[in-house]
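In what follows, a structure is listed as structure tokens, so that the remarks can point back to it.
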Protein chains: 2
Amino acid sequence: MAQSTLRRADRVSGILERLATTGSVDATELAGEFRVSPATIRRDLQVLEDQRLLSRTHGGAVAVDVAYELPVRYRIGQHREEKALIAQTVAKLLPRGPLTLGLTGGTTTHLLARLLAERVDLTVVTNALNIAAELSLRPRLKLIMTGGVSRTQSYELVGPIADQALKGLNMAVAVVGVNGISVRGGLTTHDEIEANTNATMIRRADRVIVVADGSKVGKVYLAEICPVSDVTTLVTDASADPAGVEAIRRAGAEVIVVGG
Amino acid sequence: MAQSTLRRADRVSGILERLATTGSVDATELAGEFRVSPATIRRDLQVLEDQRLLSRTHGGAVAVDVAYELPVRYRIGQHREEKALIAQTVAKLLPRGPLTLGLTGGTTTHLLARLLAERVDLTVVTNALNIAAELSLRPRLKLIMTGGVSRTQSYELVGPIADQALKGLNMAVAVVGVNGISVRGGLTTHDEIEANTNATMIRRADRVIVVADGSKVGKVYLAEICPVSDVTTLVTDASADPAGVEAIRRAGAEVIVVGG
DNA sequence: AAGTTATTGCGCGTTAGTGCGCGTCTGCCG
DNA sequence: CGGCAGACGCGCACTAACGCGCAATAACTT
């Protein structure tokens, strides 16, 4: 079917998505794909270049490596494959049979939750609203939410209520999404209240698995959750800085690098 | 005309739902779908953009953050019209200005939450996942969830964690959905754990508004939440048994009968 | 029941997005 | 080194969406 409602926003998303996977795009090709004139594609590329989201070339454009300043929605798109791979790997790490699992917020943990949705004998403890909303539809697993105040930016419940709820629960495994992980800074995130809630969950878990795509390894953000020594396993992807990975290994954590 | 009661709130919900699934919407398309003029759709998009719930483009709008997609379920079953009317009535009962409001699970309370979504100066305390999922998108209101174990049937969080969280909170008004209400049986529901959680919320509220369509008046179910004397106001519809309504009035509660 | 407010639809002038044409330029290759 | 095909930038015209103001209607209040 010929899509009638392909506006600039859709084209821009498509261009960025393609750029994230293939690294470069061809203007004429894009024009044919979106059924618009090459002139329009050039204009699209122009606005994207103005936003430093790509670098134009003759005949098209190439990706530019400035992931950290991309809007969130495109950041997700860029690391989508890596996150999916990480989630699959974590799913395989989990023991079979009855299990109590803690999940913090984040896109990778959300993907993992989806993978686990069909499991039985699973109890999931989470403070992430999007994960809870999805898992609440599955009658076979037990879902426990921490309470707390909702953070609009991350769909996480945080604060004293969440901490209090977590203090009464014990988990065999906690899977934690973070913004940054490094030996010097430990696990870090943007928000100090969120950091505190995540720290509480980590303290209540026997095993701590951190999920972080390669761009987060070596990064340090405002709020520390806990030192790297509290981490049992880190699962990241091949784009991670090898030196940073090696340092975390020496600090005592198992590190699994997927892809590449 | 197919649907006479398509107000702004309904359109806004529909737009957001569509936006959550497709990532972008077309103004002309929406106008056709909701049977309103494009001008009206544009105004809807404007208010949503003001609330940072989407980003307008020429021809429509795009989601601000397509990374987190909350699966919103609309399974409003029977008595749809009555429930909508009841929710509208309750919305008008609430005082203007800053307010802390408790909401239990249920379709009527969910409809009410949607009506209140545009309010500012509102703090909502709820144990209902579907309500939280919808309100978490609204940056202007503060959302506090009780934790607890998820009941698949009702999207409610119940149990000791929920009770514990509620014990630390005080609400000016609690709006409670029940399965049955009668002078003899009090407020009742199917599940005794849910009843206990609802009872805790009622104890922490200055005013208690019960929402129950007519089919629930006079009914008694397994688990008692509290006696009718704890209720400030009951809002029901004209299909309620008049004798039952009168009995509840004599028991000291204000009863508002809508419709008919 | 009457007044008031909010919401919707329509017409107006204005603006953004798109496609086409033409002159210029890049990059390739003989 | 020089020519050539394709890509580029720029300007113009056309379409559709937009914002604004006004009037009609619906809804709510007193």
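Below, read A as the first sequence line, B as the second, and so on, with proteins coming before strands; counting in each chain starts at 1.
- Residue A/Asp44 contributes atom CG, which lies 10 Å from atom P of C/dG19 at whole-angstrom precision.
- Atom P of nucleotide D/dA17 and atom CG of B/Leu45 are separated by 13 Å, given to the nearest angstrom.
- When rounded to the nearest whole Å, the span between CD1 of B/Ile41 and P of C/dC10 equals 14 Å.
- Remark: the backbone N or O of B/Gly97 is paired with a side-chain donor or acceptor of B/Arg119 at under 3.5 angstrom.
- What separates NZ of B/Lys92 from P of D/dA27 is a distance of 11 Å, to the nearest Å.
- Proximity of A/Ser37 to the phosphate of C/dC20: no side-chain N or O atom is located under 4.0 Å from OP1 or OP2.
- Atom CD of B/Glu49 is separated from atom C1' of D/dC18 by 13 Å (rounded to the nearest Å).
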Tell me, with the steps shown, if B/Asp237 and B/Leu85 meet side-chain contact (heavy atoms from CB on, under 4.5 Å). CA-CA 8 Å; B/Asp237 68 85; B/Leu85 248 163; over 6 Å; no
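- Residue A/Thr28 has no polar side-chain atom (N or O) positioned under 4.0 Å from OP1 or OP2 of D/dG6.
- Here the P atom of nucleotide D/dC28 and the CG atom of B/Leu115 are 12 Å apart, to the nearest Å.
- Taking atom CG of residue B/Asp10 and atom P of nucleotide C/dT7, one finds them 13 Å apart after rounding to whole Å.
- A distance-only check finds no donor-acceptor pair linking the side chain of B/Thr100 to the backbone of B/Met171 [under 3.5 Å].
- Rounded to an integer number of Å, the gap from CZ of B/Arg43 to C1' of D/dA17 is 15 Å.
- DNA chain D is contacted by both A/Gly59 and B/Arg56; A/Gly59 maps to the nucleotide lying nearer its 5′ end (nearest heavy atom per residue).
- Distance from the side chain of A/Arg42 is smallest for D/dG9 among the nucleotides D/dT29, D/dG9, C/dT18.
- Both B/Thr40 and A/His58 lie near DNA chain C, and the one whose nearest nucleotide falls closer to the 5' end is B/Thr40.
- Judged by distance alone, the side chains of B/Asn198 and B/Thr104 never bring a donor and an acceptor atom under 3.5 Å apart.
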